[in-house]
Amino acid sequence: MAGAQNFSATSDSHALTVGTSCPSHLVKRVDQEMKPNAGFLSLPEDLHLYILNHLHCRDILRCTSVCRALRQTYMSSSELQYITELNGQRLLPLRSTDNHTPVSERLQLLRDKAHAWFKVDIHSFKTVFIPDELDFLPKQIASGHLYVWDRDENSAVIMPILPIPPQQQIQRNWSPGTFSSVPNSTNLNVVMDLAQNLIAVAYIVDDERLYVDLRALDSDSVHPQAAGQTLSMSELPQRDDSFIETTGGKLKCYGRHIAMLRCLFAVSGTSSQKMWQLQIWDWQHLTISNVRLGQR
């Protein structure tokens, strides 16, 4: 063929012999295409994902900011985005086999909660006047309501302060002695949950047995969803020469679960120690979820 010079290539060494009529940039291109490509980006995408999953979230963001292929891998993976979103909000991942919620839904929930703060108007506020008799009492605000329990007077108050229509509003004032319906009993804690129309009263009888009464918040009747009116805390095993005294308690409500943390002082012979008893009930089915003991 006219104008062509000698051209030969060997498959073993990929050496090229090109005549003077072949441009140099074509020589380099042919040489590069014939060399084996074994770089990181030549690996399958699932291996990219596996490797990125073992990196710190900062390194993940650095890699995806300088490489288009890794950026595409990151954007197509809800797991990688979930890891970086957790770290960005300073949260820790929980390894739970009971959580069957897809990662994509958990990622969206994280982002929705984070973006909710941008909708808060810090310049919008409302002044609420609290009665003088409630000034020095512990207060709790939830669901637009103010909750107050006076342990010394054995009284309680719930009042709406930030109504959110069409949310239910409740305003009640329990007079002193209202919760002491059982003789020789002492109230330890009272918790109110407007979302479930629930008021739970923890009390101890004769300084020994601990109970939790479940009532409707808008009335004094038994809560309609409760499996029973009263929850009973398990007794602790003790010897004949031992003595256990309840020194305090904290009651919390988490949906259909109620947790009671009981503080104890135990004396056995010449030794004494502080103890804690934690019990969790499913108050709608009257089952005990967990019992733990601690001591020091």
Side-chain angles (χ1 to χ4, degrees), residues 7-18 22-120 122 142 195-196 252-259 261 276 278-282 284-285 287-294:
F7 178 91
S8 64
T10 59
S11 58
D12 294 335
S13 61
H14 302 294
L16 291 175
T17 304
V18 184
C22 186
S24 60
H25 68 278
L26 294 180
V27 178
K28 295 180 180 180
R29 179 178 177 182
V30 173
D31 188 37
Q32 290 174 357
E33 291 179 353
M34 297 184 66
K35 290 182 179 179
N37 189 358
F40 174 75
L41 296 180
S42 65
L43 299 175
E45 186 176 353
D46 56 344
L47 289 182
H48 292 169
L49 180 62
Y50 178 81
I51 295 173
L52 290 175
N53 265 309
H54 286 77
L55 298 180
H56 190 273
C57 66
R58 293 181 180 177
D59 296 326
I60 294 176
L61 295 177
R62 288 169 181 167
C63 291
T64 56
S65 64
V66 297
C67 179
R68 182 178 300 176
L70 295 182
R71 176 68 178 176
Q72 293 176 351
T73 301
Y74 173 79
M75 295 303 298
S76 63
S77 171
S78 298
E79 294 183 2
L80 288 177
Q81 297 179 58
Y82 184 70
I83 293 173
T84 55
E85 188 70 33
L86 278 175
N87 187 271
Q89 299 187 30
R90 298 182 180 275
L91 300 175
L92 295 176
L94 296 178
R95 302 294 183 183
S96 175
T97 57
D98 299 332
N99 192 350
H100 302 291
T101 306
V103 179
S104 58
E105 295 185 13
R106 283 182 277 166
L107 173 63
Q108 189 60 47
L109 181 62
L110 273 178
R111 289 174 172 173
D112 291 343
K113 289 185 176 181
H115 293 163
W117 286 104
F118 295 101
K119 301 178 181 179
V120 176
I122 61 176
Q196 301 187 94
K252 287 287 187 179
C253 183
Y254 305 94
R256 63 185 178 91
H257 291 93
I258 289 182
L261 178 63
W276 293 267
L278 173 64
Q279 187 157 326
I280 304 175
W281 297 271
D282 181 344
Q284 297 181 5
H285 299 88
T287 58
I288 299 176
S289 300
N290 193 13
V291 178
R292 294 181 182 177
L293 297 177

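Sequential numbering from 1 along the given sequence is applied to the chain's residues. Predicted model only: the values in this text are computed from it and were never measured.
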Atom [atom1] in [X], atom [atom2] in [Y]: separation rounded to 0.5 Å?
{"X": "His48", "Y": "Ser76", "atom1": "NE2", "atom2": "OG", "result": "11.5 Å"}
{"X": "His257", "Y": "Gln284", "atom1": "NE2", "atom2": "CD", "result": "9.0 Å"}
{"X": "Asn87", "Y": "His56", "atom1": "CG", "atom2": "NE2", "result": "5.0 Å"}
{"X": "Glu85", "Y": "Ser78", "atom1": "CD", "atom2": "OG", "result": "12.0 Å"}
{"X": "Glu79", "Y": "Leu107", "atom1": "CD", "atom2": "CG", "result": "11.0 Å"}
{"X": "Leu70", "Y": "Arg62", "atom1": "CG", "atom2": "CZ", "result": "14.5 Å"}

Do side-chain atoms of [X] reach the backbone of [Y] as a donor and acceptor pair under 3.5 angstrom?
{"X": "Arg106", "Y": "Thr101", "answer": "yes"}
{"X": "Ser77", "Y": "Thr73", "answer": "no"}
{"X": "Gln89", "Y": "Leu110", "answer": "yes"}
{"X": "Thr64", "Y": "Leu61", "answer": "yes"}

For the student: nearest non-hydrogen atoms of Cys63 and Leu55, plus distance: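 Residues Cys63 and Leu55, closest heavy atoms: SG-CD1, 4.2 Å.
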Least distance between heavy atoms, Gln196 atom then Gly255 atom: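 Where Gln196 meets Gly255 most closely, the heavy atoms are NE2-O, 2.7 Å.
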Side chain proximity check, Thr84 to Tyr74, heavy atoms < 4.5 angstrom: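 Yes. Closest side-chain heavy atoms under 4.5 Å.
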